[in-house]
Amino acid sequence: MTGLLDRIGRRAMAGLSEFGFGATLLGECLYWLGMGAKRRQPVRLAPIVAQAMEIGIGALPIVTVLSATIGVMLAIQGIYTLRLFGAESRVSLGVAMSVVREFGPLITGILVAGRSGSALAARLGTMRINQEVDALTVMGISPVRFLVVPPLLAMAVMLPALTLWSDLVGLFAAGLYIAPQLGSSMGAYIDEMSDLVRLNDVWHGLGKSAIFSVMITVVGVVNGASVTGGAEGVGRMTTRSVVHAISAIVITDMIFVFMVTR
Amino acid sequence: MSSPNPNSIEVRNLVSYYGSRQILHNVSLDVAKGEIMVIMGGSGSGKTTLLNHLLGLLKPASGSVRVLGHDIAKLSPVALQRLRTRTGVAFQSGALFSSMSIGDNIALPLREHTRLDETTIGIMTRLKLEVVSLAGFEHLKPAELSGGMIKRAALARAIVMDPELLFCDEPSAGLDPVVASSIDDLILRLRDAMGMSIVVVTHDLDSTFKIADRICVLDKGHVLALDSVEAIRASTDPRIQNLLNRRTEDADPDADSYLRRLVGDPAHTSAGTSRP
């Protein structure tokens, strides 16, 4: 019994200290963003752009495919469900709301967590076990400024951008199914959509994706920086970072919706 | 900038723990300006821990480490960063950034700490590559180099800012004798040409005797001896002689404690003093 309590206590402490580490990291990132230039350690644009290409442009194809799939899926389910009430014509409203407020940010966040969050954790973990992080430190280059701030900024810009793209693709793909089913035209569908989608809903989705972007980066970096035990450790922490990031995204999504929507 | 203090490094009564295990016991040593100090010891002697303290990567439990006249535990982050531009470190594994070419690796400290233009940085990078006989390799990635070339590239990166103090961790470990010897020559040349103080951590006896001005022998976290090469060679301490003559330590004569360790008696499994 004491053994169990002991384990629970230790796990809780470890989890809490990881939270603390993440918060410290985020604070340090903001510090370098603000103070870097003054301390002659500016955050440079080139690595941010490189990361943005990798995180954002690299994810475009898969985001496009999955967003389109989700759009069509929502359209099919929506028409099927609303037919029960004889209200198929209202399907566009349901699709507009669900894609922009929920599915766009969620699917993009999960994809980027799987693609880039894991890559970040693996890269940092490998650099750590190769002493590359130590090498930066003893050169007088802050590893946070050099390795963490660029992906944080790139992610914060690219994830909302990808989410916006995902919204557009999802709604368009849904229209490809809805328009023929309801016997109307694509033009009419797009007109209807531009009335239905309110700016407020778009901001709701983009706001969430901005929060997700910070969480994906911080979770990836915390896990990467905690790697011990060679290649196996890198693999373990990479997996862990994906699981943690996706869990964090889903849970935060629920909390955000709970706080904002009621 | 430079202090009137003639010693590049002063370590006083340094104590270090790894968890609850004590790794360093009251280690004190000085490294004079322009001196090559070799820190020697077997595996688990605490030499890597000592090096990490000298680099400021670990905080001492007690005692002090002064580098180039500054107590590194008490320096502000800004001052520590400035101090680190005056020291260079060549890590055991090289620790070259695998995503960058050799040239970019070596140019990185210049790009980050100076406002030189790219042409000058290019010239200085190639200059250092010439010094370590790696001219023409600046476009290759670290993965495309051999072990000896990686160590030499790491040395080039360590000296690119013309440091006053250079640290080398196992510069010749895992290399064939010819390449190892060329790295030793390189270290000697660096000291003679640039007047650097150099701290080398190694367990390689041949290179130790070749390059050292003084040797610090560590054993189980204690400074066993700190003296000139001749004095270390002439030492009568059995443990130093064991190390010099590559003899194994005497086996544990206590059969009871051996038995207790085998059955995993907790009183004995947790109380080791040396690193595994």
Side-chain angles (χ1 to χ4, degrees), chain A residues 3 10 14 24 27-29 31-32 34-51 53-54 116 119-120 122-151 224-225 227-231 234, chain B residues 18 48 51-58 67 72 75-100 104-115 118 142-143 150 153-155 157-161 163 165-170 199:
Chain A
R10 277 175 203 282
T24 316
E28 230 179 293
C29 284
Y31 171 83
W32 284 112
M35 294 292 291
K38 240 183 226 168
R39 286 183 53 178
R40 296 194 52 186
Q41 292 218 33
V43 176
R44 291 178 207 283
L45 192 62
I48 299 175
V49 173
Q51 289 280 328
M53 289 298 287
E54 169 57 31
S116 304
L120 190 63
R123 192 161 66 96
L124 277 179
T126 314
M127 290 189 75
R128 195 182 132 84
I129 59 173
N130 285 344
Q131 286 188 300
E132 291 174 40
V133 177
D134 285 345
L136 276 177
T137 309
V138 300
M139 271 182 208
I141 297 171
S142 156
V144 172
R145 193 257 311 177
F146 196 76
L147 297 175
V148 183
V149 177
V227 164
T228 50
V234 173
Chain B
Y18 186 79
T48 305
L51 179 70
N52 283 339
H53 276 289
L54 297 182
L55 298 178
L57 293 174
L58 294 174
V67 173
I72 53 175
L75 278 184
S76 71
V78 183
L80 185 59
Q81 178 195 322
R82 210 171 297 139
L83 179 67
R84 278 172 166 158
T85 62
R86 297 164 61 199
T87 62
V89 187
F91 283 94
Q92 180 173 2
S93 61
L96 298 173
F97 304 115
S98 46
S99 58
M100 300 181 194
D104 286 340
N105 259 288
I106 294 168
L108 182 69
L110 293 173
R111 290 200 177 120
E112 293 294 331
H113 292 307
T114 69
R115 292 187 181 156
E118 269 304 306
I150 284 177
L155 256 181
R157 188 177 67 182
I159 59 171
V160 74
M161 295 281 287
L165 176 60
L166 176 66
F167 298 93
C168 300
D169 189 7
E170 303 275 6
V199 176

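Chain A is the first sequence line, chain B the second, and so forth, proteins listed ahead of strands; every chain is numbered from 1.
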* Asked: Which distance, rounded to the nearest 0.5 Å, do you find between the CD of Gln81(B) and the CD of Gln41(A)?
  ->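 It is 4.0 Å, given to the nearest 0.5 Å.
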* Asked: Got a second to check how far Met127(A)'s CE is from Phe97(B)'s CZ, nearest 0.5 Å?
  ->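 Going from CE on Met127(A) over to CZ on Phe97(B), the span is 5.5 Å.
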Chain A contact via [X] - which portion, at a heavy-atom distance below 4.5 Å:
X         : value
Leu57(B)  : side chain
Val78(B)  : both
Ser99(B)  : neither
Pro163(B) : neither
Leu83(B)  : neither

* To do: Tell me, out of Ala158(B), Ala90(B), Ser98(B), who's got the most heavy-atom pairs with chain A below 4.5 Å.
  =>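 Max contact count across the listed options: Ser98(B).
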* Asked: Of all of Pro77(B), Ala154(B), Gly88(B), which one pairs up most often with chain A through heavy atoms under 4.5 Å apart?
  ->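 Maximum pair count with chain A is reached by Pro77(B).
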* Asked: Would Glu112(B) and Arg44(A) count as a side chain to side chain contact (heavy atoms under 4.5 Å, CB included) if you check the C-alpha gap in whole Å, the side-chain angles of each, and the deciding distance to 0.1 Å?
  -> CA-CA 10 Å; Glu112(B) 293 294 331; Arg44(A) 291 178 207 283; 3.3 Å; yes
* Distance-only donor-acceptor check, side chains Gln92(B) and Gln131(A), under 3.5 Å -> no
* Asked: Heavy-atom distance under 4.5 Å to chain B: side chain of Arg123(A), backbone, both or neither?
  -> neither
* Structure fact -> Under 4.5 Å to a heavy atom of chain B? For Asn130(A) that would be backbone
* Structure fact -> Among residues 136-145 of chain A, residues within the sub-4.5 Å heavy-atom range of chain B, in order of number, are Leu136(A), Thr137(A), Val138(A), Met139(A), Gly140(A), Ile141(A), Arg145(A)
* Asp169(B): side chain to side chain donor-acceptor pair (under 3.5 Å) partners, not counting sequence neighbours ->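 With neighbours one apart ignored, the set is empty.
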* Is the count of non-hydrogen atoms from other residues, nucleotides or ligands lying under 6.0 Å from Met53(A) atom CE greater than 12? ->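 No, not enclosed.
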* **Within-4.5 Å side-chain heavy-atom neighbours: Phe91(B) and Glu132(A)** => no
